[in-house]
Every structure is written in C-alpha cells, then in structure tokens.
Novice: 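Dumping the structure here so I can ask a few things about it.
Numbered from 1 within each chain, the chains take letters A, B, ... in sequence-line order.
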Amino acid sequence: MFQVQEQSQRPLTTAHLAQTMSLLLLSNMELRDTVMAELSSNPALELVEETVCPNCQRRLNNAGPCPACSIQHQEQDPIVFLSPRDSFRPSRSQNLEEQPPDHEPAAPEDLTTHVLQQLASDLHPDDRRLAIYILSSLDEDGFLQDPPAIIARSTRSSFFQVDRVLKLISQVDPPGLATTGPKQALLAQLDLLPDDGSILRLARQIIEGYFTELGRREIEKIAEGLEISPSKIRQAAAFIHDNLNPYPGRAFWGSGRGPQGSNPNVYHSPDILITHNPSDAKGPLVVEIFSAVSGWLRVNPMFSKARARTNGDQIEEWSKYIERASLFVKCLQQRNNTMRRLLQTLVIKQRDFIMNGDRYLKPMTRAKIADEIGVHESTISRAVAHKSIALPDGRIIPLARFFDRSLAVRDRIKEIVKNEKQPLTDDQIADILKNEGVNIARRTVAKYRSIENILPARLRHRNGARNGEQV
DNA sequence: CTATGGCACGGATT
DNA sequence: AATCCGTGCCATAG
C-alpha cells in the first residue's frame with residue numbers, strides 16, 4: 001500500500017545518481033526553475049495540477065498531511081510530510097483559470113521573467129501586459145516609481161485592475177516587490193508569514209506605527225509608545241531584521257544564485273515549515289516540506305500512447321524523452337525521500353532548539369546524521385545546503401544553522417553580557433563558561449562576541465545600550 | 001600592563 | 001580537496 005519509499009533508495013544508474021545529487025542541492029526556488037525548464041523542453045513530462053500526496057499519490061482534498069502516509073506515528077513523534085503545496089503562493093486563492101503553459105524559452109536569471117513565471121497561472125491574459133509594464137518600471141530596489149493611479153492612466157487600465165495585479169506581484173517570490181516603499185514591503189512580507197505567535201503582531205504594530213523609529217533603532221521610544229517592555233521590542237526588531245527585507249528588489253537576484261550569493265538578511269520563501277499546537281507543549285511537531293511546484297509530475301500517458309503509433313526514426317527520439325522524463329520523476333522522488341528522512345531525524349534531535357531557541361541547539365555534525373539514516377555525508381551536505389526553514393515562532397533560518405556548532409554558546413554569551421552588572425572582559429566570560437562546562441579559549445569568546453555584534457567590554461558601559469548595526 | 005583584534009596554523013568537517 | 005573553526009602568538013590601543 002505505501003510503497004515507493006525505501007526501495008527507491010538505491011540509485012539505479014550513474015545518471016540517476018548524478019541528477020539526484022544536483023537536484024538535492026537546489027532550494028525550492030531553484031528547483032522550481034529547473035522543473036519548469038524540464039517541463040518546457042521535454043514533452044513527455046507532465047505537470048498534473050491536482051493536490052495529490054507526493055508520497056503515495058492519493059488524492060487529497062485539502063492541504064495537510066496525507067492521512068494514509070502519516071503512518072504509525074506516536075504521541076511524541078513529529079509528523080513529517082511532503083506537502084502538495086508549493087511554497088511560493090502560500091495563500092493561493094482557488095481561482096481555477098487554466099492557462100496553456102506558454103512555451104517561452106526560459107530566461108530564469110531575469111527578475112521580470114522569474115515573477116511572470118510564477119504568476120502565469122493566476123494572471124488574466126489582459127493583465128499580463130500590465131504586469132510586464134509594472135515590473136519593468138520598478139526601480140532598482142523593487143519599488144514603484146509611480147503611484148498606481150498614474151500607472152493606470154499611462155497603461156489605460158482601470159485602477160482596480162492595477163491594484164489587483166500589484167497584489168498578485170507582491171505575493172510571489174521576492175515578497176513585497178512592487179510596493180511603494182520599504183514600509184509597505186515589510187508589511188507585505190509579514191502577510192505571507194505563518195501567523196502564529198505574538199511576535200508577528202508586535203512586529204506589525206512596530207512597522208505600522210514606528211517605522212522611522214525602528215530605522216533609527218530607538219527601541220526605548222517605541223517601547224514607551226506601545227507600552228511594551230524594551231526587551232520584547234528588541235526581540236521583535238531582531239525578528240524583523242532577520243526575516244524581512246526592506247528592499248525586495250535587491251534580494252538574491254542581484255547577486256546571482258551561487259553559494260556565495262546567499263545573503264543571510266534576505267527573506268525568501270521557506271522550503272520547510274514547522275508548526276505545532278501552541279497550547280500543547282508536549283504535542284507533536286508538524287513538519288511540512290513544500291514541493292517546488294504545485295501539483296505533481298509524471299510521464300505523460302498520452303505521450304506514451306502516441307509513441308506507439310509513431311513510426312521510424314521518431315520512435316527513437318520519443319523514447320529518449322520518455323526515459324528522461326521518468327528519470328527526472330524518479331530523481332525528484334528520491335530528493336523528496338531524502339529530505340523527509342533528514343527532517344525526521346533532525347526534528348527529533350533538535351526539538352528543544354526548535355521550541356526553545358538557539359541555546360538548546362545540540363551540537364551535531366552532518367556526518368553523524370548521514371551515518372544514522374544511512375546515506376553518504378555529502379548527500380546530507382547537499383540536502384542541507386541552500387534550504388531555509390520556518391520555525392514555529394515564525395523565524396526563518398537556513399537549514400544549515402541546525403549544524404552550527406557554536407550557536408548555543410554564542411547565545412549563552414549574549415545572555416551573560418545582557419545580565420552583567422559591570423562589563424565583563426573576555427577572560428571573565430571564558431571563566432564563567434568554563435564553570436558551566438564549556439571549555440573555550442578567551443580568544444574564541446572574542447570571536448563570538450564579534451559575530452554577535454557585541455562591543456568589547458571597555459566600550460560597553462553600564463547602560464542598556466548594546467549592539468549597534470545598520471542595514 | 002591589560003584587553004583586543006589580526007594573522008596564520010592545524011585539525012576537523014564537508 | 002576545499003573550507004571552516006578554534007586557538008596561539010604578537011602587535012597595538014588604551
């Protein structure tokens with residue numbers, strides 16, 4: 001009944017191996033481009049727009065774990081499942097306007113086409129022209145140069161039409177694109193985040209009411225205005241800084257997609273989402289691994305049938321297509337499978353971290369995990385690379401952070417400094433840590449401090465002012 | 001003289 | 001094989 005899984009574990013050919021590896025390396029956003037490219041270049045491959053469990057391929061009527069596949073899980077176990085949803089349009093309104101997939105040669109490196117590809121299925125043909133106009137008129141930060149009314153006039157469209165298209169654009173991948181400024185961009189991004197947790201609400205309040213103050217880091221002033229403790233405000237500010245990007249147009253696209261181009265301060269849609277029932281602290285975590293595209297891929301049965309009726313040299317060529325398509329599907333399945341197993345073990349091991357924050361991250365290496373689930377360590381490296389994950393509190397962090405060996409210690413140092421009566425020198429901090437069983441050198445404390453933007457003791461006079469950074 | 005940051009080395013990790 | 005990380009040594013700022 002539940003097949004597919006373990007038996008597809010062993011690579012069949014070297015081609016299979018190679019392709020699985022390269023797919024594994026990609027984030028959802030990148031994978032999406034790859035899938036689209038494959039779809040448009042291989043007629044044997046078909047995207048079925050239907051919510052189906054990616055695991056057992058049963059039909060699902062709503063998003064969520066497939067009831068058949070979230071098998072044998074007990075109380076404490078996390079529910080890890082492959083989601084039929086893609087991560088790019090989280091709140092996709094169910095307007096079912098089928099559009100023939102346009103077979104334009106994909107030029108994925110361009111922001112405009114990237115956005116258009118995502119919009120393709122949601123966009124009225126009439127709106128397409130408008131969308132192109134809007135996208136090309138954005139300034140380098142991704143903001144509108146002209147107010148909507150002007151756009152409506154110069155394209156001779158209705159105001160509502162413009163408004164509708166703007167809404168759509170602001171929801172797809174670089175979120176907050178085509179808004180009127182940093183403030184609106186942040187708010188648009190906030191709308192897309194999973195909204196449980198009070199930080200979200202606080203963040204919204206701050207952005208709405210105290211945007212300029214936020215920019216100047218006038219924490220105290222905001223706290224006073226909202227009548228909330230400064231530390232909470234600080235938390236929310238850090239949250240905004242970590243997860244939202246006031247300049248969506250600069251995000252990611254300028255710097256290309258290489259490993260070096262990953263700017264940590266850039267928001268992008270998470271590849272994985274962890275949620276849990278806030279009222280049940282002991283309850284299972286729910287881990288949703290998004291698909292790269294909504295719907296699922298298969299070898300087009302019509303194409304196979306058609307091949308049988310073809311003659312001569314064509315049949316050779318078509319067979320190649322089919323073979324490539326089925327290989328692609330298999331690789332994708334294996335990628336999913338690996339991701340699922342990885343997350344399964346990761347979430348069990350790091351539950352404390354996920355629920356309670358940085359300090360509880362247990363040190364572990366990719367090699368250990370690899371050993372545990374029986375794959376090569378390089379597989380884990382690839383699986384972890386370039387992926388991001390949304391935690392229950394709404395923070396979006398790179399998956400690689402699960403393997404940050406020093407995160408817990410750095411967090412502890414932050415706390416020591418926050419609670420210090422008088423500025424402690426690195427040596428003293430090292431001593432405190434030593435007493436807690438953490439043996440690190442003085443020099444290392446200094447390194448961690450600088451990572452966390454904590455000033456040296458001498459400059460840390462005994463007022464609450466810590467860490468000065470700018471965006 | 002003390003606290004820090006820079007440079008560079010070696011071992012671990014990827 | 002390439003990269004990351006903790007650390008020791010040394011120059012320098014206070």
Novice: Calculate the interatomic distance between A:Gln422 atom CD and B:dA3 atom P; express it in whole Å.
Specialist: 12 Å
Novice: Counting only side-chain heavy atoms from C-beta out, which of C:dT7, B:dT4, B:dT14 sits nearest to A:Pro456?
Specialist: B:dT4
Novice: Does one side chain, of A:Gln19 or A:Ser22, offer a donor that lies under 3.5 Å from an acceptor on the other?
Specialist: no
Novice: Would you mind classifying the nucleic acid contact of A:Ile380 as base, sugar-phosphate or nothing, using non-hydrogen atoms under 4.0 angstrom?
Specialist: nothing
Novice: Whole-Å distance between C:dG6 P and A:Ile413 CD1?
Specialist: 10 Å
Novice: Salt bridge between A:Glu415 and A:Arg412, side-chain N to carboxylate O under 4.0 Å?
Specialist: yes
Novice: Judged by each residue's nearest nucleotide on DNA chain B, which is more toward the 5′ side, A:Lys447 or A:Thr425?
Specialist: A:Thr425
Novice: Measure from the side-chain heavy atoms of A:Arg405 and tell me the nearest of B:dG5, B:dT13, C:dT7.
Specialist: B:dT13
Novice: Looking only at the side chain of A:Thr444 (C-beta and beyond, no hydrogens), which of the listed nucleotides C:dT7, B:dT13, B:dT4 gets closest?
Specialist: C:dT7
Novice: Just how far, in rounded Å, is P of B:dT2 from CG of A:Leu424?
Specialist: 18 Å
Novice: Quiz question: by atom type and distance under 3.5 Å, do the side chains of A:Asp404 and A:Ser406 form a donor-acceptor pair?
Specialist: yes
Novice: Check if the side chain of A:Arg458 and the base of B:dG5 share a donor-acceptor pair of N or O atoms closer than 3.5 Å.
Specialist: no
Novice: Just call it for A:Ser381: base, sugar-phosphate, or nothing, with non-hydrogen atoms closer than 4.0 Å on any strand.
Specialist: sugar-phosphate
Novice: Could you tell me whether A:Arg442 contacts a base, only the sugar-phosphate backbone, or nothing, with contacts defined as non-hydrogen atoms closer than 4.0 Å?
Specialist: base
Novice: Between A:Asn439 (CG) and C:dC5 (C1'), how many Å, whole number?
Specialist: 16 Å
Novice: Tell me whether A:Asp358 is salt-bridged to A:Arg410, with the criterion being a basic N under 4.0 Å from an acidic carboxylate O.
Specialist: no
Novice: Taking only the side-chain heavy atoms of A:Arg443 (C-beta and beyond), determine which of B:dT4, B:dT13, C:dT7 contains the nearest atom.
Specialist: C:dT7
Novice: Base, sugar-phosphate, or nothing: which does A:Ser450 touch, judged by heavy atoms less than 4.0 Å apart?
Specialist: nothing
Novice: Contact class for A:Arg449 (heavy atom, under 4.0 Å): base, sugar-phosphate, or nothing?
Specialist: sugar-phosphate
Novice: What integer distance in Å separates A:Gln428:CD from B:dT4:C1'?
Specialist: 14 Å
Novice: Please state how far atom CD1 in A:Ile451 lies from atom P in C:dT7, giving the value in whole angstrom units.
Specialist: 13 Å
Novice: Taking atom C1' of B:dT4 as reference, at what distance in whole Å does atom CD1 of A:Ile429 sit?
Specialist: 12 Å
Novice: With no hydrogens and no angle check, just 3.5 Å: does a side-chain donor-acceptor pair link A:Arg366 and A:Thr379?
Specialist: no
Novice: Within this structure, what is the CG-to-P distance between A:Asp426 and C:dG6, rounded to whole angstrom?
Specialist: 15 Å
Novice: Between A:Tyr448 and C:dC5, does any side-chain N or O lie under 4.0 Å from OP1 or OP2?
Specialist: no
